[in-house]
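Take a look at the structure below.
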Amino acid sequence: MEKINVVLPDGAKIELDAGSTAYDLAGSIGPRLQKAAVAAVVNDNLVDLSTKLNNGDVATIVVDHNESGVDIIRHSTAHIMAQAVTRLYPGTKLGIGPTIEGGFYYDFDLKRRLSAEDFSAIEEEMKKIASDNYPFERKVVTKEEAKKIFKDQPYKLELINEIEDETVSIYSQGEFIDLCRGPQIPSTGKVKAFKLLSVAGAYWRGEETRPMLQRIYGTAFASKEALKEHIETLAEAERRDHRKLGRELDLFTIDDEFGAGLPLWHPKGAILRKVIEDFWKNEHIKRGYELIATPHIAKVDLWRTSGHWDFYRESMFSPMEVEGTDYVVKPMNCPGHIKIYKSHTRSYRDLPLRWAELGTVYRFERSGVLHGLLRVRGFTQDDAHIFCTPDQIEGEILSVIDLMLFMLKKFGFDKYDVYLSTQPDKFVGAQENWDKATNALKGALDRAGLKYEVDPGEGVFYGPKIDVKIRDALGRSWQCTTIQVDFNLPERFDVTYIGPDNKEHRPIMVHRAILGSLERFIGVLIENYAGAFPVWISPEQIVVLPIADRHNDYAVFVADKLKEVGARVRVDLRTESVNKKIRDAQVMKVPYMLVVGDKEVENKQVAVRDRSGDRGAIALDAFTDEFKVAMRIM
RNA sequence: GCCACUGUAGCUCAGCAGGUAGAGCAGCUCACUCGUAAUGAGCAGGCCAGCGGUUCGAAUCCGCUCAGUGGCUCCA
């Protein structure tokens, strides 16, 4: 029999019978590998295990427990779900069914309004399909053939028409056929652990003008254990929901009558803001920023000049008329900063100017997008604008990145995804400046040693930008930091500086927000820490708990002493049991409880209970010192 | 804005198929003065999101509005 040689990723060669498949290759390496195999990479192409190998091919087996293997399982599970839905509800029109981070979805167009109550029936059908163990069979057909196959599937026909190749691949399992690039797992029986999660509307192809389909989200894993773990993570995310914790910890409310998307900060939430604001302001001043302040409303003409009235109006609140002149609530802080810049003639010697403001802006967000603190209509940006020369951009960006890394680290975030968005098709400003700015952004990212992903053409019309999404304790990512170069506003407002040549030059403006907005950042912070903030951030840092009334005076004395070193401390003077007071402080996630009774009064001690539990009595002075150290973590 | 679902006391939720509202926690009062996650008893608290309709009668059925939830689109 004729033989072929296949090269493994480590360079080793394996001899196989001619006509062997990737599946055979896995088997020849070992039965366990063959069992875990879901697909293969042959000469850098991800393919089915049924793919026939040729002499000299470089092949890697993709197994079910690594990321790309799980992805393939999820993709196949999406197909199985589509098959189940089609069986249960004949006439269903199929949209698309891709994998996403953590799972998959499939879009359907059907008469029945799907609800979570339908999930068990769909899951049962899926289990049946899995146990019938249909092989996934790949076929390459011409587009004409495909159109015949999918003649009753208008969405598939649309996709086929847009495919540029002459042929398309289709996959079938049992009676079900779907248009698909592949690869797929060998057979439906490989799917062992899946769960349908939610159902939602989604526009066909994500376009508002197209029909709305019904999307079922689900997830799948290689093993039941991994699925269980993932479901635990989802439950943990629910427990950490900042909307729930915000209420429980008495931080903020969003009141129906007051207005949607307009959070009201309670005393504990407001002190949390103050801690962040103070830290933020101090750090900015240290780093050469100056603080400025601008009002919440301005004449509508200002926004005509800035261009927002033309391009951003749908996000702005309607104007209000004052003595015959229209004013609007600001959706951005930039024009105010520019006006301050223009209050003097500026010299090149003044640049760079770094002006920071915790500026509260209001944007009209469509009702359906509001979400707790993460998406609101009134929010405080930790904004700053840097006016500089083109040559200064790279250095300025670098210092912004440095500040960002510093601040995020202080707040406990050390994982982020960085995106560089480059020049879009429609843009303003000189090509030369775009190139210069884009290179400056790249240069700064490289010098900061940050890995980043380029989003080609995704920049704003007025300049390239860097976006940073932070990852929280559960691995979810949130857009916070944004650094945007702007060639547009300096032009529109005719912003200039006098250069060494005694001529007017156009400065470049950098918009940047590190935390993004206080609201969103606090929302993320709450979820990241599950409400159990580090000492320096905690709204209440210490609660003193007298055991009986006769200890009240000493408890107040302890609290006063701690206030002297800047502690946010409260005395629980209620006539409740110690257990009750401890429980209440614990529920509020207060980092330190100091229990004081006869012994402590006598010895000038406090019995410390922190998040690790009861630590016994120590001298008040010793605790004060410890507290000061804990505060220094910031 | 779009699709689906939801809206009962401050919070978490009962209230089945229409007959005029209930629990726990929180709050208040009283007693207890307590050593590391809820002391006990009592009291008070709701135009059942709002408006309109069907009905002898609506928290319950229908419509609209508002708000929330999960997504889509859009974004800090």
Side-chain angles (χ1 to χ4, degrees), chain A residues 100 105 107 109 112-118 197-217 238 241 243-244 247-248 250 253-261 312 314-315 331-333 359 361 363-383 460 467-469 478-482 484 511-521 523-524 545-552 574-588 593-600 607-610 613-617:
Chain A
I100 51 172
Y105 67 78
D107 288 343
D109 187 351
R112 185 191 175 88
R113 287 177 178 175
L114 295 172
S115 77
E117 279 147 38
D118 299 317
L197 297 173
S198 62
V199 57
Y203 298 111
W204 167 238
R205 316 208 80 178
E207 288 170 35
E208 270 181 283
T209 52
R210 311 297 301 271
M212 181 153 286
L213 309 180
Q214 300 188 66
R215 173 173 298 178
I216 299 179
Y217 287 90
E238 210 170 304
D241 192 311
R243 293 165 298 185
K244 187 171 171 286
R247 189 167 49 238
E248 287 170 6
D250 202 12
T253 26
I254 297 176
D255 180 86
D256 185 353
E257 191 180 9
F258 193 93
Y312 203 71
E314 74 283 1
S315 298
M332 296 196 181
N333 301 303
V361 297
R363 297 183 187 172
F364 173 73
E365 300 281 358
R366 297 152 107 192
S367 57
V369 308
L370 300 173
H371 180 91
L373 292 179
L374 299 178
R375 194 77 182 270
V376 292
R377 285 182 174 157
F379 56 97
T380 302
Q381 290 185 306
D382 69 315
D383 210 354
V460 204
D467 286 321
V468 180
K469 293 184 180 178
W478 306 95
Q479 156 96 60
C480 289
T481 304
T482 182
Q484 308 184 355
H511 310 254
R512 43 113 289 188
I514 304 286
L515 309 177
S517 77
L518 288 183
E519 286 72 13
R520 177 175 290 180
F521 190 74
V524 175
L545 311 179
I547 288 173
D549 292 349
R550 64 179 178 280
H551 309 123
N552 284 1
R574 293 175 304 165
T575 57
E576 290 288 352
S577 68
V578 180
N579 277 334
K580 171 69 170 166
K581 292 179 183 178
I582 286 173
R583 182 186 147 78
D584 287 349
Q586 196 85 32
V587 167
M588 293 306 280
M593 288 169 236
L594 303 180
V595 179
V596 295
D598 292 332
K599 276 191 307 199
E600 288 76 19
V608 180
R609 183 190 173 95
D610 63 17
D614 182 11
R615 285 169 36 195

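Basis for what follows: all heavy atoms, side chains included, without hydrogens, waters or symmetry-related copies. What you see is a predicted model; the values in this text were computed from it and never measured. First the proteins, then the strands, lettered A, B, ... as listed; each starts at 1.
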Considering every strand shown, what is the Watson-Crick or G-U wobble mate of [N] when both distances are under 3.5 Å?
N	value
B:U12	B:A23
B:U54	none
B:C2	B:G71
B:G7	B:C66
B:C47	none
B:A31	B:U39

Expressed in whole Å, how much space separates the [atom1] atoms belonging to [N] and [M]?
N	M	atom1	value
B:C47	B:G63	P	26 Å
B:U54	B:A58	C1'	10 Å
B:G53	B:G57	P	12 Å
B:U60	B:U6	C1'	15 Å
B:G46	B:A21	P	13 Å
B:U33	B:U39	P	15 Å
B:A23	B:U55	C1'	31 Å
B:C75	B:A59	C1'	38 Å

Report the nucleotide, chosen from [options], that has the shortest atom-to-atom distance to any side-chain atom of [X].
X	options	result
A:Y217	B:C3, B:C72, B:U12	B:C72
A:M212	B:U36, B:C3, B:U73	B:C3
A:K580	B:A26, B:U36, B:G35	B:A26
A:I582	B:G1, B:A37, B:G35	B:A37
A:A260	B:G68, B:C11, B:C2	B:G68
A:R363	B:U33, B:A26, B:C75	B:C75
A:R366	B:A38, B:U73, B:G35	B:U73
A:F379	B:A26, B:G70, B:A76	B:A76
A:R550	B:G35, B:A37, B:U33	B:U33
A:N579	B:A76, B:U36, B:U33	B:U36

With a 4.0 Å cut-off on heavy atoms, is [X] in touch with a base, just the backbone sugar-phosphate, or nothing at all?
X	answer
A:D598	base
A:R243	sugar-phosphate
A:G201	base
A:R215	sugar-phosphate
A:E207	nothing
A:Q586	base
A:V361	nothing
A:A585	nothing
A:V369	base
A:D614	base
A:E600	base
A:K581	nothing
A:D549	base
A:G206	sugar-phosphate

[N] phosphate, OP1 or OP2, under 4.0 Å from [X] side-chain N/O:
X	N	result
A:S367	B:G1	yes
A:S115	B:C5	no
A:H371	B:C75	no

Compare all side-chain heavy atoms of A:I514 with those of A:F521 and state whether any distance is below 4.5 angstrom.
-> no
Compare all side-chain heavy atoms of A:R550 with those of A:D598 and state whether any distance is below 4.5 angstrom.
-> yes
How do A:E208 and A:I547 order along RNA chain B: which one's closest nucleotide is nearer the 5' end?
-> A:I547
Map A:L373 and A:V199 onto RNA chain B by nearest heavy atom, then report which one ends up closer to the 5' terminus.
-> A:V199
Between [X] and [Y] (side chain of the first, backbone of the second, donor and acceptor by atom type, cut-off under 3.5 Å), is there such a pair?
X	Y	result
A:D382	A:L515	yes
A:K599	A:A607	no
A:Q479	A:G516	no

Do A:E519 and A:R363 sit within salt-bridge range, that is, some charged N less than 4.0 Å from a carboxylate O?
-> no
Would you call A:D614 and A:R609 a salt bridge, taking side-chain N to carboxylate O under 4.0 Å as the test?
-> no
Nucleotide [N], atom [atom2] - distance to [atom1] of [X] in whole Å:
X	N	atom1	atom2	value
A:Q484	B:A76	CD	P	6 Å
A:D118	B:A4	CG	P	14 Å
A:R247	B:C11	CZ	C1'	7 Å
A:M588	B:A37	CE	C1'	15 Å

Residues, nucleotides or ligands: over 12 heavy atoms within 6.0 Å of A:E207 CD | yes
If you go through the side-chain atoms of [X], does one of them form a donor-acceptor pair with the base of [N] closer than 3.5 Å?
X	N	value
A:E248	B:A26	no
A:R113	B:C5	no
A:E257	B:G50	no
A:Y203	B:G71	no

